[in-house]
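Here is how names work: the chains are called A, B, and so on, in the same order as the sequence lines, proteins then strands, and each is numbered from 1. In what follows, every heavy atom counts, from backbone to side chain, and hydrogens, waters and symmetry copies are set aside.
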Amino acid sequence: MSSTALPGTSPQIWPRFAGKTVLVTGAGTGFGAEIAFRAAQEGAKVAVHYRSSRAGAEATVARIEAIGGEAITVQADIGTWEAIKRMADEVWAAFGTLDVLVNNVGDVSSEQMSWKDLTQEALDAVIDIDVKGTLLMTHEFGERMLEQPGGGNIINVGSTVIVRGSPRAPQYAAAKYAILGITKSYAKVLAPAVRVNTFAPGFMETERLLNRADWKAGRRETLISQTPMGVIPPPEFVAGTCLWLATDEAAHLTGGYLLADGGFNMVGA
Amino acid sequence: MQLTDELPSDDGVRLDWLGLAGSRILVAGAGGIGAECARGYVAAGANVVVADRDQARLDALEADPSFAGSTICVDLTLPGAGAAVVGQAIEILGGLDVLLHCVGINDRRPVLEFTEEEWERVMQINLFSGFTVTQAAGRHMVAQGAGHIIVLSSVSGLLAHKLHAPYAASKGGLNQMMRVMAHEWASSGVTVNALAPGYIETSLTADYLKKPGVRDDLEHLVPAGRLGVPEDVVGPALFLSSRHANFITGHVLYIDGGRTLV
């Protein structure tokens with residue numbers, strides 16, 4: 001299947017999020033930026049979170065404003081609870097409510113090419129951002145969503161490594177498995193007002209991936225051959241799929257995960 | 001949370017958003033979930049054929065003003081039934097883009113009390129019917145290089161419910177059959193996925209739910225605090241039939257209000 005055979009690449013946009021507010025973490029780059037842009041295309045007011053890539057976040061806001069949308073930037077290091085509380089205050093002050101939180105931020109140890117290259121620092125960074133950050137965000141925002149009329153929706157972005165593991169960077173797979181534990185636990189305590197689900201994409205051709213050394217050295221071709229659908233899509237191809245979890249169509253889904261990886265997970269670890 | 005509150009009527013939303021207008025769809029099984037999904041596809045502007053072995057069910061569907069489709073009376077446990085019904089559906093619709101298989105029964109009793117005939121009956125209705133109709137639809141879709149197939153699994157394909165031995169085995173079997181088909185047909189542009197609802201209030205579960213205490217016990221097992229209704233399955237079925245799910249294949253999507261968390 002060639003990339004030209006992907007009929008969903010530019011689907012007609014329908015305003016599923018008209019009148020809604022959406023916060024996407026790590027939305028200055030990559031998949032997060034595409035989720036934020038897609039949410040805005042579908043009618044949402046969007047809070048674009050960044051930690052250090054302010055220029056990227058501002059570029060995402062500019063893209064949204066260029067199509068007549070509304071967006072703000074919010075900054076926080078999600079490894080610390082105090083920073084998360086401050087950001088939540090800012091979001092509620094700006095929007096009055098938050099309907100959807102997409103916890104997209106994640107560290108994938110992209111510099112690491114082999115499990116043998118594990119360092120204490122790389123392990124700590126992944127655990128701090130992916131595990132502590134996602135848990136604290138889900139905890140703080142979930143609790144606030146419980147208190148607002150209408151509840152809310154939380155989507156935690158995982159990865160196909162929740163099925164396959166990661167021989168390249170085991171700490172990354174460990175952190176993404178932790179996201180399932182966070183999702184299931186908070187789905188249960190926050191039900192039914194707040195739904196919590198994991199979205200698990202496979203490899204996507206983000207700028208970060210395209211620049212990765214192993215990607216340029218043949219990994220891309222190997223992965224395409226291992227993906228039953230034979231395609232590594234651009235992130236915008238699955239951004240709408242991710243947001244579907246926060247729509248009414250998915251009203252009875254909570255605590256689950258949705259894989260969108262072209263069947264990559266089925267091939268086995 | 002009502003995301004569609006401010007939007008136009010239901011059929012307007014689905015017509016535009018899902019891109020299913022004009023899609024040619026076969027729904028195998030006209031039970032509570034099958035019939036509700038068939039109405040959902042019609043509301044999305046699709047052309048729909050529904051197959052079931054119970055003519056009375058089909059008559060009820062045809063008499064329903066919200067169902068503007070065709071029906072075929074067929075017993076999908078018979079050899080060759082899948083090819084026959086898919087052939088008829090293609091003739092009626094002028095092609096086939098989506099197959100939804102939702103044929104199933106349950107037979108609740110302890111493992112030690114099942115006869116071999118009772119075991120075989122559940123397997124034939126739940127699993128064999130799934131094979132014969134998805135194989136036939138897959139043959140057509142692989143040749144045309146596109147299509148979406150969805151089978152109706154259950155949380156019983158994952159959880160070990162007492163009194164559910166053949167039902168659970170058939171649903172677990174459907175999941176694995178689905179995954180192998182998904183793998184084999186992915187390069188031909190055909191996606192194959194499963195929907196796995198928790199308890200849904202249909203004729204299949206009605207008698208069981210009437211037993212004293214059963215409803216309360218089951219509701220306590222669902223974090224969402226309620227049992228599912230057939231409408232809960234419609235959105236996910238339409239989603240997996242649409243271009244928005246083009247990169248999802250081989251997946252079991254649970255629609256259970258968190259039931260599998262407990």
Side-chain angles (χ1 to χ4, degrees), chain A residues 1 5-9 11-20 43 99-100 150-153 184-185 187-196 201-202 227-231 233 237-238 240-241 244 246-267, chain B residues 1-7 12-19 145-146 179-180 182-189 191-192 196-198 200 222-226 228-229 231-239 242-262:
Chain A
M1 189 177 180
L6 288 171
T9 306
Q12 189 178 344
I13 306 297
W14 188 260
R16 293 184 294 181
F17 295 95
K20 299 296 169 187
D99 299 303
V100 181
N153 255 285
K184 289 182 182 187
S185 306
K188 201 168 168 188
V189 296
L190 300 175
V194 180
R195 295 192 293 110
V196 189
T227 301
M229 291 186 79
V231 176
F237 184 71
V238 284
T241 314
W244 177 78
T247 68
D248 271 0
E249 306 252 323
H252 206 47
L253 271 79
T254 196
Y257 64 87
L258 179 63
L259 282 155
D261 65 354
F264 182 66
N265 70 89
M266 285 190 296
V267 184
Chain B
M1 184 176 184
Q2 295 295 314
L3 286 166
T4 51
D5 263 352
E6 298 167 22
L7 298 177
V13 170
R14 290 191 170 141
L15 258 171
D16 280 320
W17 176 58
L18 290 159
R179 284 158 54 82
V180 174
H183 196 172
E184 290 190 4
W185 300 341
S187 60
S188 302
T191 72
V192 193
I200 301 284
V222 184
R226 66 171 176 90
V229 291
E231 290 85 340
D232 288 319
V233 185
V234 176
L238 269 58
F239 170 69
S242 78
R243 59 197 172 189
H244 298 275
N246 275 346
F247 208 52
I248 299 176
T249 198
H251 189 67
V252 180
L253 183 59
Y254 291 92
I255 310 162
D256 62 359
R259 172 66 185 89
T260 45
L261 300 173
V262 181

Suppose we screen for salt bridge (Lys or Arg N to Asp or Glu O under 4.0 Å). Which residues come up paired with A:D261, at least two apart in sequence or across chains? none
Non-hydrogen side-chain atoms of A:K20 and A:N153 separated by less than 4.5 Å: no
So which of B:G225, B:P236, B:P197 has the largest heavy-atom pair count under 4.5 angstrom toward chain A? B:P236
Checked B:I248, B:V262, B:V252 vs chain A; the most non-hydrogen pairs under 4.5 Å come from B:I248
I'd like to verify something: which residue of B:G258, B:G257, B:A245 has the highest number of heavy-atom pairs under 4.5 Å with chain A? B:G257
A side-chain contact here means heavy atoms from C-beta on lying under 4.5 Å apart; do B:R226 and A:H252 qualify? yes
Take A:F237 and B:N246 through the test side chain to side chain contact (heavy atoms under 4.5 Å, CB included) and record every step on the way to the result. CA-CA 9 Å; A:F237 184 71; B:N246 275 346; 3.9 Å; yes
For B:F239 and A:W244, take the angle between the two ring planes, folded into 0 to 90°, and tell me which bin it lands in: parallel under 30, tilted 30 to 60, perpendicular over 60. parallel
Interface check, chain A: of B:V192, B:V180, B:D232, B:V233, most non-hydrogen pairs under 4.5 Å belong to B:D232
When the 4.5 angstrom heavy-atom criterion is applied to B:R259 and chain A, the contacting part is neither
Which one of A:P192, A:P228, A:A191 has the most heavy-atom pairs closer than 4.5 Å to chain B? A:P228
What part of B:T191 lies closer than 4.5 angstrom to a heavy atom of chain A: side chain, backbone, both or neither? side chain
Would you give the length of the straight line joining atom OG1 of B:T249 to atom CZ of B:R179, rounded to the nearest 0.5 angstrom? 10.5 Å
Exercise: identify the closest heavy-atom pair between B:V229 and B:I200: C-CG2, 3.6 Å
Portion of B:H251 that has a non-hydrogen atom of chain A nearer than 4.5 angstrom: side chain
If I measure from the heavy atoms of chain A, does B:L261 come under 4.5 Å with its side chain, its backbone, both, or neither? both
